[in-house]
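Here the structure comes first, spelled out in structure tokens, and everything after it is commentary.
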Amino acid sequence: MTRPFYVTTPIYYVNDVPHLGHAYTTIVADALARFHHMCGDDARFLTGTDEHGQKIVEAADRRGLTPQALCDEVAPRFRQTWLDLGMRFDEAVAHHGFARDFIRTTEPRHKAVVQALWSRILDRNPDDLFLASYEGWYCVDCETYYPESQLAKDPAGAWICPTHERPVAWVTKETSYFFRLSAYGERLLEHIERHPHFIQPEQYRNEVVSFIRGGLKDLSVSRTSFRWGIPVPEDPRHPGEAARHVMYVWFDALTNYLSALGDPFASPAPAVERYWSSAVHVIGKDILRFHAVYWPAFLLAAGLPLPRTILCHGWWSIGGRKISKSIPATRVSPLALAADLAGSSSVPATGIDAVRYFLLRETPLGNDGDLIYEGLIERYNADLANDLGNLINRSLTMIVRFGGGAAGARDAALAATGPHASLARVAVEAARDARMALDGFAPSRALEAVWRLVREANAYIAATEPWTLAKDPARKGELDHVLHTLAAALWWTRLLVAPVLPATAAALDGWLGAGVAERDARWPSEDGFGLDLPALRPTAATPLFPRIDDKRAAALLASWLPPELVGAGGPPVPAGGASPAAAPVAEAAAAAAPLLPTITYDDFAKLDLRVGVVVSARAVPKAKKLLELAVDLGEERPRTIVAGIAEHFAPDALVGRRVLVVANLAPRPLRGLTSEGMVLAAGDDAILALATVDAAAPPGTRVK
Ligand code: ME8
């Protein structure tokens with residue numbers, strides 16, 4: 001019986017369109033599923049969309065849509081993106097050889113299981129779900145309450161969410177159902193202790209352990225302030241009460257991992273029994289607590305087994321700036337980036353492979369990654385165009401030219417000598433190391449190992465010089481062996497790159513004439529190098545990863561506007577408002593913030609707005625967001641103004657700039673300084689542009 005391997009991605013909120021960050025998680029999960037399938041495991045892949053909750057209600061309101069209409073519009077875009085990235089759903093088994101599912105939390109199959117889970121928790125221990133009231137700071141982006149100890153303050157003194165860096169809202173006392181999370185700390189710690197693979201990599205395990213040791217608070221798990229959620233089942237203890245509540249979106253969302261397998265309480269529950277305990281949840285570090293604390297606690301309360309592993313990765317940023325809805329240049333579309341990279345490739349889908357390769361190779365899983373466009377082009381040229389592309393081209397050209405359409409013939413005696421033996425040794429090590437790395441969730445190490453084979457095979461061509469052998473009929477046997485060994489190296493390369501570079505593997509299949517369907521390709525067995533070649537009918541390759549020369553690199557870099565140029569003195573925005581950050585930027589889901597209540601002119605007149613000129617600017621020690629500005633307002637001495645703009649502007653770029661200042665704001669102590677006013681800027685959590693005047697009005701000029 002094959003081993004099950006069930007891998008999941010987070011289900012993504014439909015208030016955003018898919019960007020490179022979402023693509024990263026999904027590609028990691030996809031590569032793991034492909035790898036396990038190739039190893040003969042019974043793989044299963046799940047992704048989907050998270051469609052309930054306050055955040056979706058607000059996003060729908062902003063667009064003037066019903067929540068359902070918003071979900072129906074955005075969910076297919078996620079599905080289509082994964083399809084465009086090579087992940088089929090409907091015909092998955094026929095194509096990939098293993099099942100892939102896409103779940104939406106508005107589907108009846110999901111809702112029924114969420115309600116069953118709730119009821120089971122209540123049945124097992126009524127104390128675990130109880131009514132109480134709560135008030136506190138809420139971040140709608142996280143869909144979670146925060147104690148003040150976990151919040152930060154912005155320069156204006158407002159509490160902000162540590163993950164989204166946006167103001168949190170005070171939710172006044174509301175009665176809701178609570179889950180008795182506080183009762184599960186010890187059992188969670190025990191599970192983590194006994195299962196070292198439960199939270200990976202190690203750094204995240206430690207983070208969760210200290211969070212639990214800090215004491216768990218009971219968790220509010222229902223809402224009465226809106227209706228867009230799964231109804232709480234009738235509660236015999238409080239007749240009529242449950243009807244007022246919908247479930248907290250995280251209770252609902254986390255359950256997708258089970259509901260996609262069917263009802264865990266049904267008997268029999270074949271898919272649950274088969275796959276559940278092999279589950280690996282791939283997630284970003286922003287949602288670690290929900291997966292490593294809340295979710296296992298709900299499962300324990302329901303008497304269900306826990307998933308095998310929570311695999312947590314870091315955050316991708318672009319040019320040092322976090323991918324954020326409000327900085328359009330960071331919201332790179334994986335598909336547009338792939339199309340740009342593919343350029344004139346004979347196989348456009350290899351642009352997607354290039355993106356997959358970069359994301360998985362560049363940063364060890366678990367660490368944060370920064371996409372620097374110059375680095376992307378460098379890696380593309382070195383690893384894909386040069387190492388891999390050349391190997392494929394040169395080998396196939398020589399096999400076709402010197403082998404007359406056949407893939408040579410192995411000479412067992414020769415195979416044990418010199419460069420032939422060392423290539424075989426490196427190949428075997430590459431297959432073994434890559435397998436171990438992928439088994440241990442380290443795709444970047446796996447790719448490093450595979451590239452040792454690719455480079456060794458290139459060195460083999462240089463060492464054996466097939467073109468010299470071809471000139472000497474007496475060395476025909478040696479030539480045949482070299483061609484056979486090159487075919488063997490290509491075949492293994494095709495197999496070892498397949499989890500990460502599926503389009504490349506498919507192209508190689510075609511050129512080698514291997515006739516092996518994707519679903520049938522298996523990870524090589526380590527003693528098989530040179531012995532496991534299927535019948536081949538090689539043909540010459542066409543360019544797969546065309547080199548990006550300096551001219552094209554310059555054009556790409558210009559179109560991929562680096563985020564540091566957006567706003568702060570960057571190129572002007574062309575008339576019509578289109579951002580100069582063209583491809584590969586996803587269209588922004590531009591959502592204007594709702595207007596504040598109307599004020600009178602007298603209210604406005606209380607503001608004393610002045611033109612100021614920045615005289616000096618410097619970073620505030622130990623406050624990565626803050627700059628200390630000296631701003632000339634035409635007074636005796638410049639004002640000190642502490643502004644939360646350090647992540648958007650280099651201090652030097654500000655000196656000499658005209659800014660607008662709220663000059664009569666009460667002075668505020670901040671980080672040992674006193675801020676004597678506020679600089680105006682346009683933007684949301686991420687400030688894109690400082691407000692200014694369009695002529696050289698002298699410092700101190702009143703703005704009305
Ligand atoms: O949190 N770098 O959905 P979400 C790396 N619906 N990964 C990133 C990223 C970045 N810059 N940006 C996003 C939710 N991600 C919930 C999940 S699961 C039961 C419910 C990835 O749409 C990363 O995996 O906000 C992160 O955890 C996820 O997208 C958040 O997606």
Side-chain angles (χ1 to χ4, degrees), residues 7-30 46-56 59 70-71 74-75 77-78 81-82 103-106 110 113-114 117 139-144 161 163-166 204 229-230 247-260 279-296 298-299 307 310-327 329-334 359-360 362-363 365-371 563 586 589 686:
V7 65
T8 67
T9 78
I11 46 171
Y12 302 108
Y13 285 126
V14 289
N15 71 332
D16 200 359
V17 291
H19 58 55
L20 207 64
H22 305 121
Y24 176 61
T25 317
T26 312
I27 290 168
V28 168
D30 175 67
L46 174 70
T47 187
T49 40
D50 189 352
E51 307 191 354
H52 290 127
Q54 187 176 342
K55 178 174 173 138
I56 305 306
L70 177 73
C71 297
V74 181
R77 297 182 67 168
F78 274 93
T81 300
W82 311 141
I103 191 161
R104 298 181 53 181
T105 54
T106 46
H110 171 73
V113 172
V114 177
L117 181 73
C139 170
V140 181
D141 284 300
C142 297
E143 291 278 16
T144 195
C161 156
T163 304
H164 293 95
E165 297 171 25
R166 287 180 198 240
Y204 296 110
I230 299 182
M247 286 185 211
Y248 172 43
V249 64
W250 274 101
F251 186 93
D252 159 352
L254 287 159
T255 309
N256 88 90
Y257 302 129
L258 263 179
S259 63
V280 173
H281 297 325
V282 185
I283 58 161
K285 65 180 181 181
D286 49 325
I287 53 178
L288 177 60
R289 185 184 307 171
F290 302 95
H291 284 78
V293 180
Y294 301 172
W295 178 226
F298 298 154
L299 291 168
I310 312 297
L311 179 61
C312 186
H313 65 68
W315 274 85
W316 275 95
S317 54
I318 312 252
R321 294 177 93 178
K322 191 167 148 190
I323 296 181
S324 153
K325 215 173 301 176
S326 41
I327 312 178
T330 65
R331 297 178 68 245
V332 169
S333 148
L359 291 176
L360 267 56
E362 187 72 4
T363 304
L365 196 146
N367 294 5
D368 289 339
D370 189 30
L371 166 58

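First listed ligand is number 1; within each ligand, the first listed atom is number 1. Please read these numbers as outputs of a predicted model, since none were measured by experiment. Quick note: numbers below take in every heavy atom, side chains included, and nothing from hydrogens, waters or symmetry partners.
L371 has its side chain within reach of I318: a pair of non-hydrogen atoms, C-beta onward, lies under 4.5 Å apart. Side-chain contact between L258 and W295 is present, with heavy atoms from C-beta onward closer than 4.5 Å. Using a 4.5 Å heavy-atom threshold, the side chains of R331 and D16 count as touching. L20 has its side chain within reach of L359: a pair of non-hydrogen atoms, C-beta onward, lies under 4.5 Å apart.
What you find for P334 and H19 is that their closest heavy atoms are CD-C, 3.8 Å. Closest approach of G369 to T363, counting heavy atoms only: CA-OG1, 3.5 Å.
Interface atoms of ligand 1 facing H291, defined by a heavy-atom separation under 4.0 Å, are 18 (S), 19 (C). For ligand 1 and I323, the ligand atoms under 4.0 Å from any heavy atom of the residue are 11 (N). Here is the list of ligand 1 atoms found below 4.0 Å of a heavy atom in G314: 5 (C). Those atoms of ligand 1 that come under 4.0 Å of a heavy atom in D50, given as number and element, are 6 (N), 16 (C), 20 (C). Close contacts of ligand 1 with D286, meaning ligand atoms under 4.0 Å from a residue heavy atom, involve 26 (C), 27 (O), 30 (C). When each atom of ligand 1 is checked for a heavy atom of T25 under 4.0 Å away, the hits are 21 (C), 23 (C), 24 (O). For ligand 1, the atoms closer than 4.0 angstrom to any heavy atom of A253 are 19 (C).
Summary of contacts: the protein heavy atom closest to atom 10 (C) of ligand 1 is W315 CE3, 3.1 Å. Nearest to atom 1 (O) of ligand 1 among the protein's heavy atoms is I287 CG2, 3.5 Å. What sits closest to atom 17 (C) of ligand 1 on the protein, heavy atoms only, is I11 O, 3.2 Å. Atom 2 (N) of ligand 1 has W316 N, 2.8 Å as its closest protein atom, hydrogens excluded (heavy atom only).
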Run the side-chain contact (heavy atoms from CB on, under 4.5 Å) check on Y204 and I310 step by step: do they pass? CA-CA 9 Å; Y204 296 110; I310 312 297; over 6 Å; no
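Considering H52, E51, H19, K322 only, the shortest heavy-atom separation from atom 13 (C) of ligand 1 involves H19. When Y257, Y13, W295, Y12 are ranked by how near their heavy atoms come to atom 18 (S) of ligand 1, first place goes to Y257.
With rounding to the nearest 0.5 angstrom, the OG1 atom of T255 is 11.5 Å from the CH2 atom of W250.
For P10, no nitrogen or oxygen atom sits less than 3.5 Å from a nitrogen or oxygen atom of ligand 1, counting backbone and side chain alike.
With respect to K55 and E143, no salt bridge is recorded, no charged nitrogen being found less than 4.0 Å from a carboxylate O.
Using a 3.5 Å distance cut-off with no hydrogens or angles, the side chains of Y257 and H291 do pair a donor with an acceptor.
Within the 4.0 Å heavy-atom cutoff, H313 counts among the residues contacting ligand 1.
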